[in-house]
Amino acid sequence: MASKYNPQEIEKKWQLRWEADHVYEAHEASKRPKWYALTMFPYTSGDLHIGHWYAMAPSDVHARFKRMRGYNVLHPIGFDAFGLPAENAAIKHGIHPHTWTMRNIENMRRQLKSIGAMYDWSREVITCLPEYYKWTEWFFLKLYEAGLAYRAKAPANWCPQCKTVLANEQVVGEGVCERCGTPVIRKDLEQWFFRITKYAEELLEFSGIEWPERVKTMQRNWIGKSVGVEISFGLDVKGVSEKEIKVFTTRPDTIFGVTFMVLAPEHPLVAKLTTSEHKDEVRDYIEWTRGQTEIERLSTEKEKTGVFIGSHVINKLNGERVPIWIADYVLLSYGTGAVMGVPAHDQRDFEFAQDFGLPIKVVISPPGWGGEPLKEAYVEAGTMVNSGQFNGLPSEQGKEAVSDFMEEKGCGIRTISYRLRDWLISRQRYWGAPIPIVYCSKCGTVPVPEKDLPVLLPEDAEFKPTGESPLKYCASFVNTTCPKCGGHAQRETDTMDTFMCSNWYYLRYTSPGYDKGPFDDKKLAYWMPVDQYTGGAEHAVMHLFYARFFTKAIRDLGLVKFDEPFTRLFNQGTVVFAGAKMSKSRGNVVTPDEYVTKLGSDTVRAYLMFVGPWDQGGGWDDSGISGIWRWLNRAWNLVLDEQKSESLPPIEGAIENELRRRTHKTIKKVSEDLEKFRFNTMIAALMEFTNYLAKVKEERSIVHNAWKETIDTLLLLLAPSVPHLAEELWERTGHSYSIHNQSFPSWDEKMVVEEQFTLVIQVNGKLRDRVDVPVSIAETEVRELALSRERVRVHIDGKQIKDIIYVPGRLVNIVVK
RNA sequence: GCCGAGGUGGCGGAACCGGCAGACGCGACGGACUUAAAAUCCGUUGGGCUUCGGCCCUUGCGGGUUCAAAUCCCGCCCUCGGCACCA
């Protein structure tokens with residue numbers, strides 16, 4: 001026994017040495033091709049849990065692999081440090097958010113270092129420091145100048161728990177806050193928005209990027225593009241100046257089936273168009289809809305409600321008078337806030353018409369329809385009927401014909417609607433980047449000049465949540481002078497959504513200390529875009545969506561030259577514990593520290609890779625971790641232990657060939673699996689290889705060059721996954737430091753080819769025998785061999801052979817009757 | 001309701017393009033070492049029958065295609081994720 005595997009000792013040792021030697025610092029001056037490997041940076045919650053490790057360890061292994069494959073790899077790390085939890089903790093414990101956050105960062109840094117990842121710590125970025133948020137504010141100004149940031153009064157999603165408004169993307173499920181699960185309510189407020197809708201069309205593209213189909217689909221659904229027609233209905237009401245109401249529809253072919261019109265209750269024309277005899281009823285209805293929560297209003301289960309407001313519009317295609325109703329199933333925020341009611345061909349309109357006794361007029365004939373009333377809306381394609389000159393047209397053609405006709409007559413125009421709304425970025429909280437805007441009674445809304453950035457967060461603000469920004473009550477912050485006229489002015493007191501901070505952190509990593517701008521153009525040009533981004537899919541329509549928008553926006557400002565920030569994306573799965581995603585706010589975290597202390601980082605890294613496919617995630621269960629621990633110990637002993645017996649036969653002939661063949665096969669398997677993030681099968685292959693080598697060592701004398709080469713290869717294959725163990729064994733086997741500067745082994749395809757294979761013999765598809773044969777065996781030989789086998793004969797004797805199917809290199813199937 | 005992913009031993013999971021189902025590991029059982037235990041090592045381990053040669057069944061359920069199906073097709077059931085009155 002040479003020595004025992006002692007991870008506590010060697011891990012610390014190598015981590016310090018790598019850091020002291022700057023092994024993993026990335027430099028632009030390199031002949032190697034660049035590779036920017038990025039893992040979503042963690043929020044500064046205070047503790048790194050197994051879920052973080054699950055995200056970070058395998059992505060580090062991939063980055064290390066790329067490095068050994070000859071790339072100049074940038075693998076940075078930092079902290080997403082602004083946000084509500086810091087402020088909530090401050091309120092609860094009377095500690096300043098800055099203190100709380102920086103203390104957490106210190107602990108997390110220690111934990112992150114224990115992973116043994118190849119992070120380039122010299123590029124650390126912390127979003128809550130003025131040197132960073134100065135540029136967050138700067139980007140706001142750039143977007144503002146470009147007309148991409150604007151302030152508007154709009155119904156906003158208000159979380160009564162977090163006491164702030166939320167973006168649409170942060171309202172999840174049935175209208176609850178993404179962070180705390182509280183049902184959101186509507187509030188009309190003056191808020192800042194980013195004009196993300198301007199990029200709706202380009203955001204649908206995804207050209208030149210390799211992203212999971214799932215994430216692309218989610219983003220496409222979120223954007224919700226609909227192609228249709230905006231149709232004008234005539235309005236002729238005494239004392240009302242408006243002469244039309246526009247509706248958006250994707251079904252212009254059903255225009256002759258309109259039997260009513262529905263406006264959203266908040267539609268601006270409702271007041272004008274309500275006749276005196278309906279005033280009370282309409283007012284009551286609007287009041288009732290206002291009192292409903294989002295959940296109630298959005299429920300698809302509930303009965304349709306609505307009231308007639310007394311006025312009519314004219315369907316310009318057939319001159320029919322159509323009654324105007326209001327109903328809460330029509331949303332003001334989508335399309336024009338008005339809908340043409342075609343009950344025969346839209347299920348919602350159908351239910352509405354049934355509930356209120358409105359006529360249901362069929363204009364698209366279902367196949368075999370004989371004029372009987374419909375039991376439900378017919379929404380499929382069909383033949384146009386009851387539609388004047390369009391009768392007989394298939395509905396798909398009809399769509400075009402009706403659109404053409406309306407465009408000619410000037411009563412309709414082809415248009416596109418999106419479900420996507422502009423991104424609401426104001427937050428009524430303290431711990432975020434201030435919005436650099438000043439309000440002056442003379443000059444109005446004035447952006448803070450660049451030279452005055454950053455607008456610093458005051459240190460002495462009160463954090464009591466009041467529903468308004470704490471900054472509002474901080475006189476020293478609010479009161480300022482107007483940059484234009486020098487007169488009295490007040491600062492904007494809302495801060496920015498933290499997703500604005502994460503919009504550009506990956507740009508900052510390319511030149512973190514730079515102070516003449518958010519980044520150094522040359523360095524940015526070298527590293528960007530990110531080659532491989534990894535993180536959780538929960539950010540599909542938040543961070544990943546905003547960052548794409550942001551990139552396109554600043555590209556149009558001439559600040560960057562690429563269209564997409566992240567070329568490849570991989571979503572690892574979620575680690576579930578006690579029935580929920582592991583997170584500090586849910587209080588179900590398992591910390592890796594005790595495992596690291598007991599078994600070492602290498603064991604934890606390898607175990608997280610081994611438990612299953614990385615994109616699948618799964619429930620946390622440590623029952624298998626001992627398997628990894630045993631394996632690493634076996635590997636350690638395999639490399640260092642003396643042989644038990646001195647009189648073993650040498651490695652030669654077939655054994656030597658087999659040793660080489662298995663080595664090359666393993667290199668191939670490990671390389672291909674690493675490339676595709678199939679860490680679990682990669683670890684399995686390495687275990688198999690280790691087990692095989694242990695057997696060889698039992699039976700043969702290892703005093704042989706082939707053995708030494710094989711062990712070197714094993715260590716190099718292990719290096720990305722278990723970096724400390726590999727480095728230690730590399731040194732102990734007499735190599736020079738560092739294994740992580742070595743090249744990953746390559747395989748020779750010729751060496752992978754087997755000389756023999758196990759021929760499977762089936763009779764009628766059932767396995768009856770198997771026999772090892774040379775790869776070169778001819779089909780006639782296979783047939784003869786198969787038919788002559790004793791175990792086969794039992795099953796074919798006395799039967800007629802119908803067919804013999806031979807799959808070369810695999811099996812032979814004898815079909816008998 | 002719609003879209004997507006998935007359902008394989010006691011457990012986590014493997015199986016390339018239709019060709020030996022269950023790799024690799026955990027757990028369990030038996031054995032070695034030990035005064036004993038832990039650790040370690042060796043063996044067995046999907047289920048059922050067995051004359052110990054084998055035979056039959058088995059990848060959520062029911063059909064189908066095929067010499068051959070976990071894999072392809074059709075119809076269901078269940079789990080997870082997303083969307084959900086978007087006109």
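So that the names make sense, note that chain A is the first sequence line, chain B the second, and so on, each numbered from 1.
- Between R414(A) and E400(A), at least one side-chain N (NZ, or NE/NH1/NH2) sits under 4.0 Å from a carboxylate O, which counts as a salt bridge.
- Using modelled atom types and a 3.5 Å distance limit, the side chains of W747(A) and S671(A) yield no donor-acceptor pair.
- C17(B) takes the syn form, because its glycosidic angle lies no more than 90° either side of 0.
- Across all strands shown, D803(A) has no heavy atoms under 4.0 Å from either base or sugar-phosphate atoms.
- Counting atom types as modelled, R810(A) pairs a side-chain N or O with a base atom of C16(B) as donor and acceptor under 3.5 Å.
- Listed nucleotides: G27(B), A15(B), C55(B). Nearest to the side chain of R768(A): C55(B).
- Closest contact between the side chain of L331(A) and the listed nucleotides A21(B), G13(B), A87(B) involves A87(B).
- A donor-acceptor contact closer than 3.5 angstrom is absent between the side chains of T603(A) and Y5(A).
- Among A87(B), C67(B), A14(B), the nucleotide with an atom closest to any side-chain atom of I805(A) is C67(B).
- One finds no salt bridge joining E672(A) and R678(A) here, because no Lys/Arg side-chain nitrogen approaches an Asp/Glu carboxylate oxygen to under 4.0 Å.
- Of the listed nucleotides (G19(B), G82(B), C26(B)), G82(B) has the atom at the smallest distance from the side chain of M218(A).
- A syn base is found at G9(B): its glycosidic angle is within 90° of 0.
- Summarising the base pairing, G43(B) is matched to C29(B) through a Watson-Crick or G-U wobble pair whose two defining distances lie under 3.5 Å.
- Distances from the side chain of L811(A) to the nucleotides A23(B), G19(B), A87(B) place G19(B) closest.
- Comparing atom distances between the F610(A) side chain and each of G12(B), G19(B), C83(B) picks out G12(B) as nearest.
- For K304(A) against C85(B), a side-chain N or O and a base N or O form a donor-acceptor pair under 3.5 Å.
- Side chain to side chain, Y329(A) and E351(A) fail the donor-acceptor criterion of an N or O pair below 3.5 Å.
- Nearer the 5' end of RNA chain B, as judged by each residue's closest nucleotide, is the contact made by T217(A), out of T217(A) and S626(A).
- The side chain of N691(A) approaches C24(B) more closely than any other nucleotide in the set A14(B), C16(B), C24(B).
- More than 90° away from 0 lies the glycosidic angle of G27(B), which makes this nucleotide anti.
- Residues D349(A) and T758(A) each lie close to RNA chain B; by heavy-atom proximity, the contact nearer the 5' end of the strand is made by T758(A).
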